[in-house]
Protein chains: 2
Amino acid sequence: MRSLAKGDDTRSSILEQALELSAEVGLEGLTVGTLAKRVGMSKSGLYAHFESKEDMQRQVLDAAASYFVDAVVSPALKQPRGLPRVRALFERWIDWISSNERRGGCLFIGSATELDDRPGPVRDTLVGHLRDVTGTIARAAAIAIEEGHFRDDLDLDQFAFEVWGILLTHHHFERLMGNRDARKRASVAFAALVRRATPA
Amino acid sequence: MRSLAKGDDTRSSILEQALELSAEVGLEGLTVGTLAKRVGMSKSGLYAHFESKEDMQRQVLDAAASYFVDAVVSPALKQPRGLPRVRALFERWIDWISSNERRGGCLFIGSATELDDRPGPVRDTLVGHLRDVTGTIARAAAIAIEEGHFRDDLDLDQFAFEVWGILLTHHHFERLMGNRDARKRASVAFAALVRRATPA
DNA sequence: TGTCAATACGAACGGTCGTGCTATCGTGCG
DNA sequence: CGCACGATAGCACGACCGTTCGTATTGACA
């Protein structure tokens, strides 16, 4: 039996810890030694699961993405087509940021600015995931147009730009600035955005 | 004569280089050795100008803030009170981000997410500067209300939240995602925000 | 039970990190 | 001119970085 390899098991628990840790210290701040200590194994034993640190970072991002899809995207897609689904996407997402929030916040957002001037495979991986994410918003908005919930001349990319922007801003104000109203302000901004998008 | 100390001279040229460098690699990525090489002096010689690395980071942030005030805030304050001044603030700011953009982008934005989970004096310094900055927006908006350009029930903090958010988002899409439309999308969002703020 | 891969470990590598100490340099003052 | 002093350099430190390698431990199958 190939399927029950023990290695895959440890690898995934490594990645789980890596997610927590990198949410605290950033993706660049994630270090082999610290992670090994956290997981409770030796540096070399841990490192054997990856071909390089870069590879490790990429795998962490992929793991984060799959968690994200499970927690945010999939449940939201079960909502009725159109505006409800768009709204669910926004709400669940902002909840996700706040719940991961005790420690670290959203890894994507955290990695975004630390990678924006460091070209390479890790950054490419992140950009890919973020494109998926804004793509998902745009697609949901397109459906909302079909359903007649949104104006049919709505600029989908502009809409996605602004939604993702509100999430970004919420994260910024809540986590860095310690603004307790962040959540409310984000909701207000989102409501205004939706109003702009609805037919006259 | 106390005023013409040579040290102050080198210190400011160190900070200048530090601004460039930290815009590329982030504030945390800024390292004594690399900076020394860049400035063309020894690690210890450079380090003698600061009492710790943390102190260095704080000074870099302060230097960035004063550059920012000179390039963005002061000129904008010369514009007529009210909406023109608010608009000038936004425009100059976004220009500033784009011009620093060849290498690095805005240090404040760059540092924001890497410091959001690392409490301490450096983070406090950053938060202070950012509060100044959103405060400036809110104050300009307050004047716009006085002038009758904005609705008098406008929520100032909400307005500042969203303006700063648009800047943040612009930076994100332009620098990380490489979106060539970022500037245009930011303008559209800002225009909609202003429309919401103008009296019915 | 013996075999063989898969897995984990300890130690070590060259490098760089932040940070001190000591010595040298350059320059304006007495 | 020489001296004092501020600015810079040289060097060393312990710690940690990513990475490699040889070795021990494990667990599945014969």
Side-chain angles (χ1 to χ4, degrees), chain A residues 1-19 21-22 24-61 111 114-115 117-123 125, chain B residues 1-19 21-22 24-61 63 111 114-115 118-123 125:
Chain A
M1 269 306 156
R2 202 76 305 281
S3 52
L4 323 169
K6 165 150 191 223
D8 291 5
D9 221 54
T10 25
R11 192 213 305 283
S12 70
S13 72
I14 290 175
L15 286 177
E16 208 167 323
Q17 295 290 332
L19 276 180
L21 186 52
S22 65
E24 295 171 29
V25 298
L27 199 61
E28 298 283 315
L30 186 63
T31 185
V32 183
T34 346
L35 181 55
K37 205 161 292 172
R38 178 104 154 209
V39 179
M41 57 190 294
S42 71
K43 241 173 51 161
S44 51
L46 181 146
Y47 192 74
H49 288 267
F50 311 95
E51 58 183 46
S52 70
K53 190 194 177 180
E54 217 176 65
D55 174 53
M56 185 174 93
Q57 292 176 316
R58 261 180 285 132
Q59 293 201 33
V60 172
L61 281 178
S111 313
E114 49 180 353
L115 288 176
D117 280 304
R118 295 177 191 74
V122 184
R123 172 186 151 146
T125 302
Chain B
M1 269 311 154
R2 203 75 305 285
S3 52
L4 322 168
K6 164 143 194 232
D8 290 6
D9 220 55
T10 27
R11 191 214 303 283
S12 69
S13 71
I14 290 175
L15 286 177
E16 208 167 322
Q17 295 290 330
L19 277 180
L21 186 53
S22 65
E24 296 171 28
V25 299
L27 199 61
E28 297 283 315
L30 187 62
T31 187
V32 183
T34 348
L35 181 56
K37 205 162 290 173
R38 179 107 154 206
V39 179
M41 58 190 294
S42 73
K43 242 173 53 161
S44 52
L46 181 147
Y47 192 72
H49 289 267
F50 311 94
E51 57 183 44
S52 69
K53 189 195 178 180
E54 217 175 64
D55 174 54
M56 185 174 93
Q57 293 175 315
R58 262 180 285 133
Q59 294 202 32
V60 172
L61 281 178
S111 313
E114 50 180 354
L115 288 176
R118 295 176 190 75
V122 184
R123 172 186 152 147
T125 302

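All of these numbers come straight from a predicted model, not from anything done at the bench. Residue numbering restarts at 1 for every chain, and letters A, B, ... go by the order of the sequence lines.
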Within-4.5 Å side-chain heavy-atom neighbours: A/Leu15 and A/Phe50: yes
Please report, rounded to the nearest Å, how far the P atom of C/dG20 is from the CG atom of B/Asp55. 12 Å
Describe, as an angle rounded to 10 degrees, how the axis at the first end of the helix from C/dT1-D/dA30 to C/dG30-D/dC1 is tilted relative to the axis at the last end, five pairs per end. 10°
Its contact letters, B for base, S for sugar-phosphate only and - for none at protein heavy atoms under 4.0 Å, make nucleotides 9-24 of chain D read BBB-----SBBBB---
Write down the atom of A/Pro121, the atom of A/Glu54, and the distance for their closest heavy-atom approach. CG-OE1, 3.2 Å
Nearest heavy-atom contact between A/Val122 and A/Leu27 is CG1-CD2, 3.8 Å
For A/Lys53, the side-chain contact (heavy atoms from CB on, under 4.5 Å) test, sequence neighbours excluded, returns A/Met56, A/Gln57
Using side chain to side chain contact (heavy atoms under 4.5 Å, CB included), reason through B/Glu28 and A/Glu28 one step at a time and then give a plain yes or no. CA-CA 10 Å; B/Glu28 297 283 315; A/Glu28 298 283 315; over 6 Å; no
Nearest atoms (heavy-atom pairs only) where A/Ala18 meets A/Val60: CB-CG2, 3.7 Å
So, is B/His49 near the phosphate of D/dT8, with a side-chain N or O under 4.0 Å from OP1 or OP2? yes
Which atom pair, heavy atoms only, marks the closest approach of B/Val25 to B/Leu30? CG2-N, 3.9 Å
I need the CZ-C1' distance between B/Arg11 and D/dT8, as an integer number of Å. 14 Å
Determine whether A/Gln59 and A/His49 make a side-chain contact, defined as any pair of heavy atoms from C-beta on separated by less than 4.5 Å. no
